[in-house]
Amino acid sequence: MWTDPYIKLMHKTEATSTADCRSRKYRCQRRNSANMSDQFAEVNKHSSQHPKPPGLVLQYGTAGFRTNAKLLDHIMFRMGLLAALRSKKTQATIGVMVTASHNPEEDNGVKLVDPMGEMVTPSWEGYATLLANAENEDLLAALKDVIAKEEINMSYEAKVFVGRDTRSSSAALSQAVLEGVSSFGGLSKDYGLVTTPQLHYMVCCQNTQGKYGEASVEGYYNKLCQAFLKLLKHASNCTDDQKHLSLDGANGIGALKVREMEHNVAKELQISLHNDGSTGKLNHQCGADFVKVQQKAPTGCEIKAGERCCSFDGDADRIVYYYSDSEGQFHLLDGDKIATLISTYLKELLIQAGLNLNMAVVQTAYANGSSTRYLEETMKLTVRCTKTGVKHLHHVAQEFDIGVYFEANGHGTVLFSKSAEDKVQKLFDNPNNDDEMKRAAHLLLNTIHVVNQTVGDALSDMLLIEAILAIKGMTVQQWDAIYTDLPNRQLKVKVADRRVIDTTDAERRAVTPAGFQDSIDALVKKYPMARSFVRPSGTEDVVRVYAEADTQENADALAHEVSLAVYRLAGGVGDEPKPLH
Ligand SMILES: CC(=O)N[C@H]1[C@@H](OP(=O)(O)O)O[C@H](CO)[C@@H](O)[C@@H]1O
Ligand SMILES: [Mg+2]
């Protein structure tokens, strides 16, 4: 039952009278088909207000649709329709988030959230692309195709949660999503301005009947902040420096939500918020993506030497840390360093708790070679590599009792299997534990509660990292010193059609164009400790080049040479890539 009093009934199609239908089965069919024709009439009526520009082709990429906001109205309406169908199919609440994350303010995008708060299942990404590209007159047929293929019971009343980021285009675009949902007679709840992970969390709470938490922003803060404060009980004598964090909100939704949340934790964590959106432009010269790719501090922040700082991205599902040393040298602690900190902390707790749970760290090809080596050789942890995109990492992390997954860019979380959670709870409830076990069980239990297991979450990750550092009495410099990153460089190359590059082995090797991988291999051989790979981006019209080597000069030179190989062998457009130095 859809009992939440805040749910706004946008539109509801009445089922036709069934008084003279003889059998129950017949009644259901009659109702379904009558109901269906009403729904299609509504869809038809409303879709003409959200026409697709003829010929425009877009694809559901690594993180949904993303492009200039002006091209997205029809996509939003259609994703409202698709979310309604997905809800009817799963008989559960589905989420739709309007955001373009770290992309510029002029862009926007949309991603769908499945019932347990995870990214929508891949086969439905295909439907999303089909619907997005159907010409206006073909839309109904495309919808009917999905309904037939998935054998969807159209009499089920769809339920959809909608959220949006702070982009100026987001309000109107999320209205288009709501209209899509209501055209199919669905119910929707508009959460308005929320971070992407907050929406994922809410969907999971709703579909677990509150077992995961309360499906409200307040419920989210309460759960996470209470767990954080309980963790902090194990941090003795925290200094003022330890309690202070400088935060770059990327001028986005994360900044607003930090402001909403911070009073709950102010006793243990004092946040200086920069780039809060009051003056600067979203993601412009700031935010997690800028800091990671440029390997420098964001503008809008005065960083004191040694101060612990972090940056969120535009929809607050990524976080990176950094500091500047006494010589003014910038040090980045990215997703790999975060995964290392968290997995080391968890491994210690498991040993103290005497729990035998299998744990793995899941990374992508962008993970720094030093991090992989440290995790495997020193920490003796299982490390798995997947394709880029959180859905891939999430999926592999689910195979373990504890799966710590992070993309190097700071997008990640920790997953605990049901049996791992049960074991931790059982240990916590056991009155015969010695003090060390009691402490470890309490820490593990509250670690589970502070984590947003549905998706990478900058706010939740920040609370967990802050708690670990405080519990261990660790400075950001000590954390950074766990291992030393190999110097690396990421570049982008424009090509006519990036699909000419096809990859294998978790994107670490190119299969096409012919001979291309041999050229990369030959270039890599020239430099010590080098590695390089190339893949088409799933969110931008570019080919990405990654290189690492023993020195920054060598990493830069290798990245440049590989960029030239892309330009020459994979149909580069515009000017040839120039050397970095
Ligand atoms: C190298 C890199 O950072 N790639 C990012 C970027 O994907 P691309 O497919 O590389 O454009 O955006 C994705 C969505 O945010 C994120 O999951 C991924 O890690
Ligand atoms: Mg993001």
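Residue numbers run from 1 in the order of the sequence given. Heavy-atom basis, side chains included; hydrogens, waters and symmetry copies ignored. Predicted, not measured: the structure shown is a model, and the values here were computed from it. Read the numbers this way: they start at 1 and go in the same order the structure lists the ligands and their atoms.
Residue-ligand proximity: Glu407 is placed with a non-hydrogen atom under 4.0 Å from ligand 1. In this structure, Lys292 has no heavy atom closer than 4.0 Å to ligand 1.
Listed for the Thr129 side chain is a donor-acceptor partner under 3.5 Å among the backbone atoms of Glu125.
Close approach of ligand 1 to Arg535 (heavy-atom distance below 4.0 Å) involves ligand atoms 8 (P), 9 (O), 10 (O). Every atom of ligand 1 is numbered from 1 in the order shown, and the set under 4.0 Å from a heavy atom of Tyr366 is 1 (C). Near Ala63, the atoms of ligand 1 lying under 4.0 angstrom from a non-hydrogen atom of the residue are 14 (C). If you number the atoms of ligand 1 from 1 as listed, the ones under 4.0 Å from a heavy atom of Ser537 come out as 8 (P), 9 (O), 11 (O).
The backbone and the side chain of Thr539 each have at least one atom closer than 4.0 Å to an atom of ligand 1 (non-hydrogen atoms only). When non-hydrogen atoms are compared, ligand 1 lies under 4.0 Å from neither the backbone nor the side chain of His411.
Remark: Glu540 engages Lys492 in a salt bridge, criterion side-chain N to carboxylate O under 4.0 Å. For Asp317 and Lys111, the salt-bridge test passes: some basic side-chain N is under 4.0 Å from an acidic carboxylate O. Arg308 and Glu466 are joined by a salt bridge, as a carboxylate oxygen and a charged side-chain nitrogen come within less than 4.0 angstrom of each other. The pair Lys281-Glu105 fails the salt-bridge criterion, with no side-chain N (NZ, NE, NH1 or NH2) lying under 4.0 Å from an Asp/Glu carboxylate O.
Rounded to 10°, the angle that OD2 of Asp313 and OG of Ser101 form at the Mg ion (ligand 2) is 90°.
Applying ring pair (Phe, Tyr, Trp, His ring centres under 6.0 Å) to Tyr191 and the options Tyr220, Tyr201, Phe161 leaves one that passes, Phe161.
Both the sub-6.0 Å distance and the 45° axial angle are satisfied by Lys223 relative to the ring of Tyr212.
At a cut-off of 3.5 Å, with distance as the only test, no side-chain donor of Asp315 or Thr195 sits close to an acceptor on the other residue. No hydrogens or angles considered: nothing links the side chains of Glu553 and Tyr527 as a donor-acceptor pair under 3.5 Å.
Of all N, O or S atoms in Asp317, the one lying closest to the Mg ion (ligand 2) is OD1. The atom of Asp315 that is an N, O or S and sits closest to the Mg ion (ligand 2) is OD1.
When hydrogens are left out, the protein atom nearest atom 5 (C) of ligand 1 is Asn409 ND2, 3.7 Å; that is the closest non-hydrogen contact. For atom 15 (O) of ligand 1, the nearest protein heavy atom (residue, atom name, distance) is Arg318 NH2, 3.5 Å.
Backbone and side-chain nitrogen or oxygen atoms of Asp289 are examined, and none is located within less than 3.5 angstrom of a nitrogen or oxygen of ligand 1.
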